[in-house]
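Below is one structure; the comments refer to it alone.
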Amino acid sequence: MPSQTNNLQRRRSRLVPIAAAMSVLMLAAGCSATKRGSIGTHASATSQPYAAPGSAQARRAVSSWGAQYEKNRQDKTATLGYADALRQNGQITQSMAVLRSAVIAHPKDREIASAYGKILAMNGKFGEALNVLQRAQSPQMPDWKLMSAEAAVHDQMGNHERARALYNQALKIQPNDPSLLNNLGLSHLLSNQLPEAEYTLRKASALPGADSRVRQNLALVLGVQGKFSEAEQVARAELDPRQAEANIAYLRQMLSNNG
């Protein structure tokens with residue numbers, strides 16, 4: 001009979017795919033319920049509220065930002081807004097094309113480079129994304145947002161240790177930033193470092209500026225550890241009560257099936 005320790009290790013080894021699936025469920029359900037904007041590594045440069053791909057809200061955003069972009073394709077705000085609206089509507093290839101043109105037109109603009117790097121990574125072009133982000137970075141005056149974006153790419157590639165090193169460097173420049181701590185916490189989660197993930201996300205959620213996404217991620221980490229009552233309590237503050245209960249029930253079932 002396997003020892004209790006071996007059972008725990010095997011259970012923990014199965015948590016990452018469960019966590020990934022649950023994260024999609026919680027974030028998709030929760031974003032529409034929140035009254036706050038998104039923050040963090042994949043946040044919109046224009047602070048647009050979340051809109052489900054294909055929804056009327058998402059299509060209106062594409063139309064509105066597209067009109068501004070057509071008036072002046074050199075306008076940075078219009079470019080970033082249009083690219084983000086396209087991304088939110090699931091038009092990733094078109095968003096990438098807009099940002100590629102913007103990078104050529106503004107080769108030294110770090111914010112545009114950061115947005116382009118993120119969209120490349122979303123399209124699975126990790127090597128190209130790292131190249132863009134690293135080229136835009138300045139060793140003498142490093143930009144913490146570029147550093148965070150690069151870390152996120154490493155997390156997507158499975159290089160979690162490298163990602164956490166970059167997040168920690170960025171935190172030295174921008175201490176106690178909730179978006180950085182959120183992403184660091186999720187990096188710990190992806191490495192099955194659950195106590196570290198919980199500690200970091202608790203710290204992030206307590207900071208001014210922490211939004212719904214941070215607290216939903218905290219609820220996820222609590223649930224993955226079996227702390228269902230506390231997870232549901234955190235989730236209820238961000239989601240419709242029925243959706244919170246459904247999320248926790250789903251996570252219970254997945255953990256039970258993989259126990």
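When a residue number appears, it is its place in the shown sequence, counting from 1.
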When rounded to the nearest 0.5 angstrom, what is the spacing between [atom1] in [X] and [atom2] in [Y]?
X    : Y    : atom1 : atom2 : answer
K203 : L181 : NZ    : CG    : 5.5 Å
E150 : N131 : CD    : CG    : 10.5 Å
S191 : D155 : OG    : CG    : 7.0 Å
H188 : H160 : NE2   : NE2   : 12.0 Å
L86  : W65  : CG    : CH2   : 12.0 Å
I119 : D84  : CD1   : CG    : 8.0 Å

Within the side chain of [X], is there an N or O that forms a donor-acceptor pair under 3.5 Å with the backbone of [Y]?
X    : Y    : answer
N89  : G54  : yes
D143 : K145 : yes
R215 : A210 : yes
N217 : R213 : yes
S205 : L201 : yes
N182 : P178 : no

Exercise for the section: Any chance you could lay out the side chain to side chain contact (heavy atoms under 4.5 Å, CB included) test for R202 and L222, step after step, and finish with the verdict? Expected result: CA-CA 10 Å; R202 281 188 187 279; L222 291 168; 3.5 Å; yes
Measure across [X] and [Y] and return the closest heavy-atom pair with its distance rounded to 0.1 Å.
X    : Y    : answer
V62  : A85  : CG2-O, 3.5 Å
I173 : M147 : CD1-CE, 4.0 Å
P142 : P139 : CD-O, 3.6 Å
T79  : A102 : CG2-CB, 3.6 Å
A197 : G185 : CB-O, 3.3 Å
Q225 : P195 : OE1-N, 4.1 Å

Problem - Test side chain to side chain contact (heavy atoms under 4.5 Å, CB included) applied to H154 and R164, step by step - result: CA-CA 9 Å; H154 280 292; R164 287 192 292 276; over 6 Å; no
Exercise for the section: For the pair L171 and L184, evaluate side chain to side chain contact (heavy atoms under 4.5 Å, CB included) and give the outcome as yes or no after the intermediate values. Expected result: CA-CA 10 Å; L171 282 164; L184 176 60; 4.0 Å; yes
For a 4.5 angstrom cut-off between non-hydrogen side-chain atoms, does [X] reach [Y]?
X    : Y    : value
D211 : V214 : yes
R87  : M122 : yes
D75  : Q68  : no
L220 : Q216 : no

Problem - Distance-only side-chain donor-acceptor flag, T200 / E196, under 3.5 Å - result: no
Practice task
Verify whether one side chain among Q140 and S138 offers a donor that lies under 3.5 Å from an acceptor in the other.
Solution key: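 The answer is yes; a qualifying pair exists.
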Exercise for the section: For E70, look at atom CD and say whether over 12 heavy atoms of other residues, nucleotides or ligands are found less than 6.0 Å away. Expected result: yes
Problem - NZ (K125) with more than 12 external heavy atoms under 6.0 Å - result: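 Count not over threshold, so no.
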Fill in the blank from the handout: For L130, the other hydrophobic cluster members (4.5 Å side-chain criterion, sorted by chain and number) are F126, L133, L146, V153, M157
Practice task
Please list all pairs passing the side chain to side chain donor-acceptor pair (under 3.5 Å) test where one or both residues lie in residues 93-103, with sequence neighbours left out.
Solution key: Y82-Q94, Q91-Q94, R100-Y116
Exercise for the section: Look at the side-chain heavy atoms of Ile, Leu, Val, Met, Phe, Trp and Tyr, link any pair under 4.5 Å apart, and say whether Y199 and L218 land in one connected group. Expected result: no
Problem - Residue list, side-chain hydrogen bond (donor to acceptor under 3.5 Å, both in side chains) with R60, at least two apart or on another chain - result: none
Problem - Passing option when K227 is tested against E232, E198, Q233 for side chain to side chain donor-acceptor pair (under 3.5 Å) - result: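 Only one of E232, E198, Q233 forms a side chain to side chain donor-acceptor pair (under 3.5 Å) with K227, namely E198.
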Practice task
Kindly indicate, with the supporting measurements, whether the criterion side chain to side chain contact (heavy atoms under 4.5 Å, CB included) is fulfilled by Y69 and L80.
Solution key: CA-CA 9 Å; Y69 178 70; L80 291 172; over 6 Å; no
